[in-house]
Amino acid sequence: MNHANDSAPARPHQKVTEDGRRLREVLTYSRRGSRFTPRQARAWEAHHDAWVIPDEAVDAPGFAFAEVFAREAPLIVEIGSGVGEATAALAAARPECNILALEVWRPGVAETLHRLAEAGVGNVRLCSVDAVWTAEHLLPAGSLAELWTFFPDPWHKARHHKRRLVTPANATLLAGLLRPGGVWRLATDWAEYADVMLEVLDAEPTLSGGRVERWADRPVTRFERRGLAAGREPIDLRYVRAAS
């Protein structure tokens with residue numbers, strides 16, 4: 001695995017060809033609008049310096065997430081934290097853990113800042129760098145106690161399936177970040193994507209697990225309620241990294 005001080009390739013959206021043209025990349029997300037509500041603007045102004053890791057910070061030689069938390073503690077990574085409903089609630093119940101929330105939608109980051117402040121939570125840091133690139137270059141193997149992936153974009157159209165987060169290659173990469181006994185928790189309300197997740201993760205030899213009852217600690221978010229109203233039942237998965 002590469003790290004920021006090992007001359008890692010440019011972050012996503014910065015890669016160029018030899019003749020200087022922007023390189024077209026396959027990413028697991030698309031960037032949406034960036035306009036803040038007044039509440040989000042206030043939260044960003046008040047808290048982003050303390051809780052948001054600037055994109056360019058990860059390029060610094062020797063960058064390590066432990067430094068931004070200013071303490072050594074079990075590390076949990078959430079990929080796609082959205083507006084932070086689950087993040088704030090779960091982090092509040094785990095003050096002994098450092099929680100890194102990866103989210104590229106800046107209004108969602110700002111809304112998360114508001115929720116963290118409202119809940120009195122100080123053990124979360126947010127980063128808007130691509131999760132797969134972060135896993136490849138910034139997170140050491142065996143460094144995570146848990147990984148959370150709640151309601152990732154299902155990328156419905158067949159031509160977009162390559163952009164899904166849960167693919168065989170990404171499963172191997174992300175499973176490798178877990179320490180032995182570390183847990184990967186997932187949820188989706190798209191049954192077809194759940195079937196794909198099960199197929200992919202069941203085939204990953206370092207993981208064991210499958211479909212489970214809804215994780216009681218995970219709060220029911222506004223996003224999840226919309227899915228329920230549309231007739232989509234949430235499906236929870238839980239996988240554990242095998243002992244070395």
Side-chain angles (χ1 to χ4, degrees), residues 1-34 36 40 43-82 84 87 91 97-113 116 122-149 152-153 163 165 167 169-170 172-179:
M1 176 180 294
N2 294 324
H3 295 279
N5 59 352
D6 294 331
S7 300
R11 285 176 281 117
H13 301 300
Q14 294 191 350
K15 296 179 181 178
V16 295
T17 62
E18 290 184 0
D19 57 0
R21 291 178 297 161
R22 179 68 62 84
L23 185 65
R24 185 175 179 84
E25 301 167 77
V26 176
L27 302 172
T28 62
Y29 61 88
S30 60
R31 291 190 183 272
R32 295 181 280 167
S34 58
F36 289 171
Q40 291 167 355
W44 182 269
E45 181 64 26
H47 303 295
H48 84 274
D49 281 342
W51 296 340
V52 177
I53 303 167
D55 288 0
E56 62 274 12
V58 306
D59 296 328
F63 172 84
F65 286 114
E67 295 178 6
V68 301
F69 287 98
R71 67 170 186 172
E72 292 289 338
L75 179 61
I76 298 172
V77 169
E78 180 179 12
I79 297 178
S81 51
T87 313
C97 295
N98 293 338
I99 297 177
L100 174 65
L102 301 175
E103 176 55 60
V104 298
W105 184 43
R106 285 305 173 99
V109 172
E111 184 68 21
T112 300
L113 295 176
L116 295 175
N123 59 329
V124 176
R125 299 293 181 269
L126 293 112
C127 184
S128 293
V129 176
D130 173 65
V132 174
W133 187 91
T134 297
E136 289 173 336
H137 301 294
L138 301 177
L139 291 168
S143 62
L144 304 187
E146 292 198 18
L147 177 65
W148 301 337
T149 311
D153 195 325
R163 302 187 69 171
L165 179 67
T167 64
N170 287 345
T172 298
L173 171 67
L174 295 170
L177 300 181
L178 292 169
R179 66 189 186 190

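Computed from a prediction, not measured in an experiment: that's the story for all the values here.
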Using 0.5 Å steps for rounding, measure from the CD atom of Glu78 to the CG atom of Leu126. 9.0 Å
At their closest point, which heavy atom of Thr87 faces which heavy atom of Ala101, and how far apart are they? CG2-CB, 4.3 Å
Enter the distance from Arg179:CZ to Glu146:CD here, rounded to the nearest 0.5 Å. 8.5 Å
Student check: side-chain heavy atoms of Val132 and Leu165 closer than 4.5 Å: yes
Note: Gly62 and Glu67 closest approach over all heavy atoms is O-OE2, 3.9 Å
Could you go through residues 46-53 and list every donor-acceptor pair under 3.5 Å that involves a side-chain atom there, pairing it with any protein atom two or more places apart or in another chain?
unit_1: His48; atom_1: ND1; unit_2: Trp44; atom_2: O; d: 2.7
unit_1: His48; atom_1: ND1; unit_2: Trp44; atom_2: NE1; d: 3.4

On a heavy-atom basis, which atom in Glu72 and which in Ala66 lie closest, and how many Å separate them? OE2-CB, 3.8 Å
Distance from Glu111 atom CD to Trp105 atom CH2, nearest 0.5 Å? 8.0 Å
Nearest atoms (heavy-atom pairs only) where Arg106 meets Ser128: NE-OG, 3.1 Å
Would you say the side-chain atoms of Arg71 pair up with the backbone N or O of Val68, donor to acceptor, closer than 3.5 Å? no
Check whether any side-chain heavy atom of Phe65 lies under 4.5 Å from a side-chain heavy atom of Val77, and answer yes or no. no
Output yes when a side-chain donor or acceptor of Glu103 lies under 3.5 Å from a complementary backbone atom of Ser81, and no otherwise. yes
Mind listing the closest non-hydrogen atom pair of Val58 and Cys127 along with its distance? CG1-SG, 4.5 Å
Hey, could you give me the CG/CD1 distance between Leu75 and Ile99, rounded to the nearest 0.5 Å? 9.0 Å
What is the minimum heavy-atom distance between Leu177 and Leu139, and which atoms define it? CD2-O, 3.3 Å
Sub-4.5 Å side-chain heavy-atom contact between Leu147 and Ile79: yes
